[in-house]
Amino acid sequence: MKIETMAVRVGREVESTTGSVAPPMYLSTTFERDADGAFSRGYSYARSGNPSRRELEACIAALEGGAEAATFASGSAASLAVFSLLRPGQHVLAPIQSFHGTATQLREIIAPYGIQHTFVDMMNLDAVRAALRANTRLVWIETPSNPMLNLSDIEAIAALAHERDAIVCCDNTFATPIWQRPLELGADLVMHSSTKYFGGHSDLVGGAVVSRDTGELASALRYYQETAGNIPSPFDCWLLRRSLTTLACRVRTQTDNAERLASFLSTHPAIERTFYPGLESHPGHALARRQMHGGFGAMLSFCVRGGRDQAIAIAARTRLFTRATSLGGVESLIEHRASIEGPHSVTPQNLLRLSVGLENAEDLIADLEQALHAPA
Ligand code: PLP
């Protein structure tokens, strides 16, 4: 099956008792035992599994080309699940520039358990090679990264990590499996904030980790999911499964819009620099062409001339873009990213990030045009 077909069909069979075409939502927290005490129907208690979650996980695993997926209450819960695989004395290599919450987890939640980390420039393979240690067990990649749209070479980094018996987890939230499938490039795990494109409508928080095979990693993640209990609710699973049916067309149209906005912004005199992997001027453009499947995503950032105050003023002048954090929804958002990232932020103060939605690209460009035009 091709990805569009999987998004509609996997884990979404017609319900056999009633013929319901849309899947029911299973709210039950508990499931009946057989007369002999067994659970031959596969469910016992909803923290361990329920049909709404299982159907969702089957679909997410298929979209990423993996064997199994475990879903969580948020993207942050999903990254923490991956970090839970580590033991005291082990070491993680993570990008200097990525979603700030992932770095905060390593610094503030994981390090106190005796797990070491190094932040490295993941765009520089020599730096990655030099930073790997004998005790490195996990290399974390986020590509394209939030919010600078940095590209990391998944295949090359996976080869380096595997030489040292380290595993690789790639945060694929920005690209989505429509444009990038890290497991095909050698990653062992793929992580998502499904709050973003998977959900797509800014109305649920969720996360997922997909394992390439059904071995030890998948079992450890499943065990952690059941035992830590940070699971998504049946309603969130149901909503998410429904949203996945339209993932491909949403992401493609949003990406078309983003490409048009990026080319408009990249030549605008009020803008110092535009970060979008689809632009030939982007330092990761050749790599993006190689490792992404023909599209570069719907996230972009730009640095305005004039500094922080000018960036904030431009965001304030937009009328169609909503000033809000998060990304991947149908509505376009604009955000002064450094303001939300806290003291460790490496994001330029004059940077604005756009999550490009499904509005008409000409309307979005007209809105940016008027916002970039400094009032007399
Ligand atoms: N990874 C990336 C790339 C993100 O952008 C985010 C959130 O913005 C997360 C992970 C964390 O996800 P959540 O907010 O669902 O916990």
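For ligands, and for the atoms within them, numbers begin at 1 and follow the listed sequence. We use all heavy atoms of the structure for the numbers below, so side chains are in, but hydrogens, waters and symmetry mates are not.
A donor-acceptor pair is defined here as one N or O able to donate and one able to accept, closer than 3.5 Å; no such pair exists between the side chain of T318 and the backbone of A371. The backbone N or O of G357 sits less than 3.5 Å from a side-chain atom of S332, completing a donor-acceptor pair. The backbone N or O of N146 lies less than 3.5 Å from a partner atom in the side chain of Q97, making a donor-acceptor pair. Put simply, the side chain of H336 gets close to the backbone of Q349: a donor and an acceptor are under 3.5 Å apart.
Closest to atom 5 (O) of ligand 1, if we only count protein heavy atoms, is N146 ND2, 2.9 Å. The protein heavy-atom contact nearest to atom 14 (O) of ligand 1 is K196 NZ, 3.5 Å. Of all protein heavy atoms, the one closest to atom 15 (O) of ligand 1 is T195 OG1, 2.6 Å. The protein heavy atom nearest to atom 11 (C) of ligand 1 is F99 CE2, 3.3 Å. Scanning the protein for heavy atoms near atom 1 (N) of ligand 1, the closest one is D171 OD2, 2.6 Å.
Ligand 1 has no atom lying under 4.0 Å from any heavy atom of T102. Using a 4.0 angstrom heavy-atom cutoff, H192 does not count as in contact with ligand 1. Within the structure, the closest approach of G206 to ligand 1 falls below 4.0 Å when heavy atoms are considered.
Just one of I365, L279, L368 meets the side-chain contact (heavy atoms from CB on, under 4.5 Å) condition when paired with L265; it is L368. Screening R252, R9, R250 against E4 for a salt bridge (Lys or Arg N to Asp or Glu O under 4.0 Å) leaves a single residue, R252.
Interface of G75 with ligand 1, defined as ligand atoms under 4.0 Å from a residue heavy atom, comprises 12 (O), 13 (P), 15 (O), 16 (O). Atoms of ligand 1 lying under 4.0 Å from at least one heavy atom of E142, given by number and element, are 3 (C). Ligand-side atoms of ligand 1 in range of M191: 10 (C), range being under 4.0 angstrom from any heavy atom. Heavy-atom proximity to L327, at under 4.0 Å, picks out these atoms of ligand 1: 5 (O).
Of the polar atoms of S76, at least one N or O is found under 3.5 Å from an N or O of ligand 1, judged by distance alone. Between A77 and ligand 1, no pair of N/O atoms sits closer than 3.5 Å.
Within a 6.0 Å radius of CZ in F39, other residues, nucleotides and ligands contribute more than 12 heavy atoms. The local environment of CZ in R41 is crowded, with over 12 non-hydrogen atoms from other residues, nucleotides or ligands closer than 6.0 Å.
Using cut-offs of 30° and 60° on the angle between ring planes, the pair F264 and H268 is perpendicular. Note on ring orientation: taking the six-membered ring where Trp is involved, the planes of Y276 and F296 are perpendicular (angle over 60°, cut-offs 30° and 60°).
When non-hydrogen atoms are compared, ligand 1 lies under 4.0 Å from neither the backbone nor the side chain of T325.
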